[in-house]
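The block underneath contains the structure these notes are about, expressed in structure tokens.
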Amino acid sequence: MSSIFDLTYDELESILVSNNFKKFNATQVFEGVYKKRVSSFSSISNISKELKSFLSSNYSLDYLEVITALRSDDTNKYLLQVQSDAVECVLMKHDYANSLCISTQVGCNMGCAFCESGRLKKQRNLSVSEIVLQVLTIERLENIRIQNIVIMGIGEPFDNYECLVKALDILTSPKGVMIGSRHITVSTCGIVPKIYDFANLDTQVNLAISLHAPNDELRSKLMPINRVYKIKDVMDALQYYIEKTNRRVTIEYILLDGVNDSDECAMELVNLIRGKLMYVNLIPYNSTSHSEFKRCSKEKINHFYQILSRYVGVGVRREMGKDIKGACGQLRASHNGNE
Ligand code: SAH
């Protein structure tokens with residue numbers, strides 16, 4: 001049986017119509033599932049017995065099982081069961097809103113040198129429902145609403161592009177979960193053709209790019225994807241996205257001690273993005289048990305920040321969840337030992 005959460009509104013509508021139900025039934029079902037959050041199709045009011053039985057014999061309404069939940073003041077980390085695998089997501093509780101960082105794959109093939117998640121190779125893509133249900137499951141578990149989503153958990157979202165786009169469609173649909181597109185950010189390591197596709201979607205969903213180095217020599221050492229798509233190709237694609245959407249792009253830059261934190265690096269970075277609708281997010285590096293890299297001191301981070309701030313928009317990412325290993329790059333797709 002497939003999950004109802006795999007279907008976009010348009011898909012549901014065409015399935016219903018081709019089974020001799022009415023177009024407007026799609027709205028009733030979508031609202032029951034996503035607004036009222038019914039736990040059985042029979043609880044959707046105003047739909048016929050025939051439709052209820054069609055839905056219950058073809059679709060499941062199951063949420064994900066929560067394997068573990070680690071809670072701290074401002075951050076919770078969850079391990080969720082997805083079929084025979086497990087996947088992590090992180091809830092960040094701000095004063096003004098809740099943000100959820102979600103995953104798109106079990107493991108990751110991008111092989112970035114500094115990243116813990118990629119130590120487990122990609123086992124598989126998450127399905128549309130497994131992406132969407134991370135949000136619904138945490139909302140139900142904690143009895144909260146999530147206002148912001150960052151797609152920065154485990155996996156490379158643009159390596160699971162079709163499911164990503166459908167999941168975004170469902171999460172932003174006014175008939176469904178209705179999270180504002182501008183409150184969602186997708187982070188990619190820079191799969192250039194998909195940046196163009198994403199720009200052509202004409203969505204208001206934000207784009208962040210993990211740059212982490214200002215020249216090809218260094219970036220190729222840190223991020224194997226750079227051997228395929230060079231910085232210039234990435235920058236051209238981002239410019240295209242900006243022209244299409246008029247949205248500001250976030251450039252993520254992890255500061256690695258003695259690796260990419262020199263004054264020269266700062267100026268090279270400035271030259272790449274100066275005058276463009278881009279903003280730099282400096283990320284203090286979170287060391288992990290197997291890491292050869294070190295975090296920069298506060299002074300160094302501040303020094304790098306000061307240079308950039310003379311020329312471009314820049315901020316330092318607020319750190320959350322370090323105490324529960326829920327910080328950037330600390331997520332693991334597997335809970336089977338090897339920690
Ligand atoms: N694959 C996507 C999204 C997942 S990673 C991407 O590459 O953007 C989310 C962000 O966390 C990326 O910018 C990634 O480079 C960063 N990250 C990975 N390991 C980290 C670590 N140990 N400390 C801080 N940030 C890290």
Determine the interplanar angle of the Tyr241 and Phe198 rings, folded into 0 to 90°, and report it as parallel if under 30°, tilted if 30 to 60°, perpendicular if over 60°. parallel
message = Between the side chains of Lys230 and Asp216, is the shortest nitrogen-to-carboxylate-oxygen separation below 4.0 Å, so that they form an ion pair?
response = no
Quick one: does Leu100's side chain get under 4.5 Å of Asn148's, heavy atoms only?
-> no
Here the gap from His303 atom NE2 to Cys296 atom SG, rounded to the nearest 0.5 Å, amounts to 11.0 Å
Any donor-acceptor N or O pair under 3.5 Å, side chains Tyr285, Ser291: yes
Classify the angle between the aromatic ring planes of Phe158 and Tyr161 as parallel (below 30°), tilted (30 to 60°) or perpendicular (above 60°). perpendicular
Cationic N near anionic O, under 4.0 Å, Lys175 to Glu13
no
Run the salt bridge (charged side-chain N to carboxylate O under 4.0 Å, His left out) test on Lys300 and Asp257 for me, step by step, so that the C-alpha distance in whole Å, both residues' side-chain angles and the decisive distance to 0.1 Å come before the verdict.
CA-CA 9 Å; Lys300 259 199 179 162; Asp257 194 41; 2.9 Å; yes
message: Strictly below 4.0 Å, N to O, side chains only: are Lys93 and Glu142 in salt-bridge contact?
response: no
Salt bridge (charged side-chain N to carboxylate O under 4.0 Å, His left out) between Lys194 and Glu162: does it pass, once the steps are laid out?
CA-CA 10 Å; Lys194 294 292 185 284; Glu162 269 183 42; over 6 Å; no
inquiry  = Between Lys244 and Gln239, is there a side-chain heavy-atom distance shorter than 4.5 Å?
reply    = no
Separation between CG (Asn206) and CD1 (Ile184), nearest 0.5 Å, reads 9.0 Å
The residue among Asp159, Asp85, Val87 that forms side chain to side chain contact (heavy atoms under 4.5 Å, CB included) with Gln105 is Asp159
Co-membership, hydrophobic cluster, residues Tyr279 and Leu277, 4.5 Å side-chain: no
Margin query: Less than 4.5 Å apart, side chain to side chain, heavy atoms only: is that true for Met278 and Arg248?
Written below: no
Chi angles and distances behind the side-chain hydrogen bond (donor to acceptor under 3.5 Å, both in side chains) call for Asn286, Arg295: CA-CA 7 Å; Asn286 294 306; Arg295 155 188 288 249; 3.1 Å; yes
Lys36 and Glu31: CA distance, side-chain angles, deciding distance, salt bridge (charged side-chain N to carboxylate O under 4.0 Å, His left out) verdict: CA-CA 6 Å; Lys36 302 201 187 82; Glu31 289 187 351; 5.4 Å; no
Test side chain to side chain contact (heavy atoms under 4.5 Å, CB included), reference Cys101, set Met92, Gln134, Glu88, output is Met92
Ion pair present between Glu156 and Lys122, side-chain N to carboxylate O less than 4.0 angstrom?
no
Just checking, is any N or O donor in the side chain of Ser53 or Ser56 under 3.5 Å from an acceptor N or O on the other one? no
(message) Tell me whether Asp263 at atom CG has more than 12 heavy atoms from other residues, nucleotides or ligands lying less than 6.0 Å away.
(response) yes
Heavy atoms, side chains only, cut-off 4.5 Å: are Val249 and Ile242 in contact?
-> yes
>> For residues Leu168 and Leu201: do they belong to one hydrophobic cluster (side chain heavy atoms under 4.5 Å, members Ile, Leu, Val, Met, Phe, Trp, Tyr)?
In response: yes
**Asked** In this structure, are over 12 heavy atoms from other groups packed under 6.0 Å from Lys121 atom NZ?
**Response** yes
Separation between CD1 (Ile149) and CG (Leu171), nearest 0.5 Å, reads 4.5 Å
Practice prompt. Look at the side-chain heavy atoms of Ile, Leu, Val, Met, Phe, Trp and Tyr, link any pair under 4.5 Å apart, and say whether Tyr9 and Val33 land in one connected group.
Written response: yes
Closest non-hydrogen contact found for Ile209 with Gly190 is CD1-CA, 3.5 Å
*asked:* Please evaluate residues Leu256 and Asp261 with respect to the criterion side chain to side chain contact (heavy atoms under 4.5 Å, CB included), reporting the C-alpha separation (whole Å), side-chain torsions for both, the decisive distance (0.1 Å), and the verdict.
replied: CA-CA 6 Å; Leu256 303 167; Asp261 58 347; over 6 Å; no
- [ ] Decide yes or no on side-chain hydrogen bond (donor to acceptor under 3.5 Å, both in side chains) for Gln28 and Asn25, but give the supporting numbers first.
- [x] CA-CA 5 Å; Gln28 296 169 314; Asn25 289 143; 2.7 Å; yes
Report yes if some heavy atom in the side chain of Asn281 is under 4.5 Å from a heavy atom in the side chain of Ile251; otherwise report no. no
*asked:* Quick check: is Leu211 connected to Tyr196 through a chain of hydrophobic side chains (ILVMFWY, heavy atoms under 4.5 Å apart)?
replied: yes
Side-chain touch Leu91/Ile144, heavy atoms, less than 4.5 angstrom: yes
Crowded around Lys35 NZ? As in, over 12 foreign heavy atoms under 6.0 Å? yes
Given the rule in the ring-ring contact (aromatic ring centres under 6.0 Å, His included) test, do Phe304 and Tyr253 qualify, once you have shown the distances and angles that lead to the verdict? CA-CA 11 Å; Phe304 199 89; Tyr253 195 98; 5.4 Å; yes
Could you tell me whether the side chain of Ser220 and the main chain of Glu217 form a donor-acceptor pair under 3.5 Å? no
Evaluate the side-chain proximity of Met267 to Ile307: yes if any heavy-atom separation is below 4.5 Å, no if none is.
-> yes
*Same cluster for Val17 and Phe24 if Ile/Leu/Val/Met/Phe/Trp/Tyr side chains link at under 4.5 Å?*
no
Value for OG1 (Thr27) from CG (Leu12), rounded to nearest 0.5 Å, stands at 9.0 Å
Notebook entry, point to check: With a cut-off of 6.0 Å (strictly less than), are more than 12 heavy atoms of other residues, nucleotides or ligands near CG of Asp202?
Noted result: yes
Side chains of Glu252 and Ser187 only: does a donor on one sit below 3.5 Å from an acceptor on the other?
yes
Next on the checklist: Treating Glu243 as the side-chain partner and Tyr240 as the backbone partner, does any N or O pair qualify as donor plus acceptor under 3.5 Å?
Outcome noted: no
Q.
Is it the case that the side chain of Thr75 and the backbone of Ser72 share a donor-acceptor pair, with hydrogens and angles ignored and the cut-off at 3.5 Å?
A. no
* Tyr63 vs Phe5 aromatic rings, parallel, tilted or perpendicular, using cut-offs 30° and 60°? -> perpendicular
Inset, instruction - State, with a plain yes or no, whether a side-chain heavy atom of Leu64 is found less than 4.5 Å away from one of Gln83. - result: no
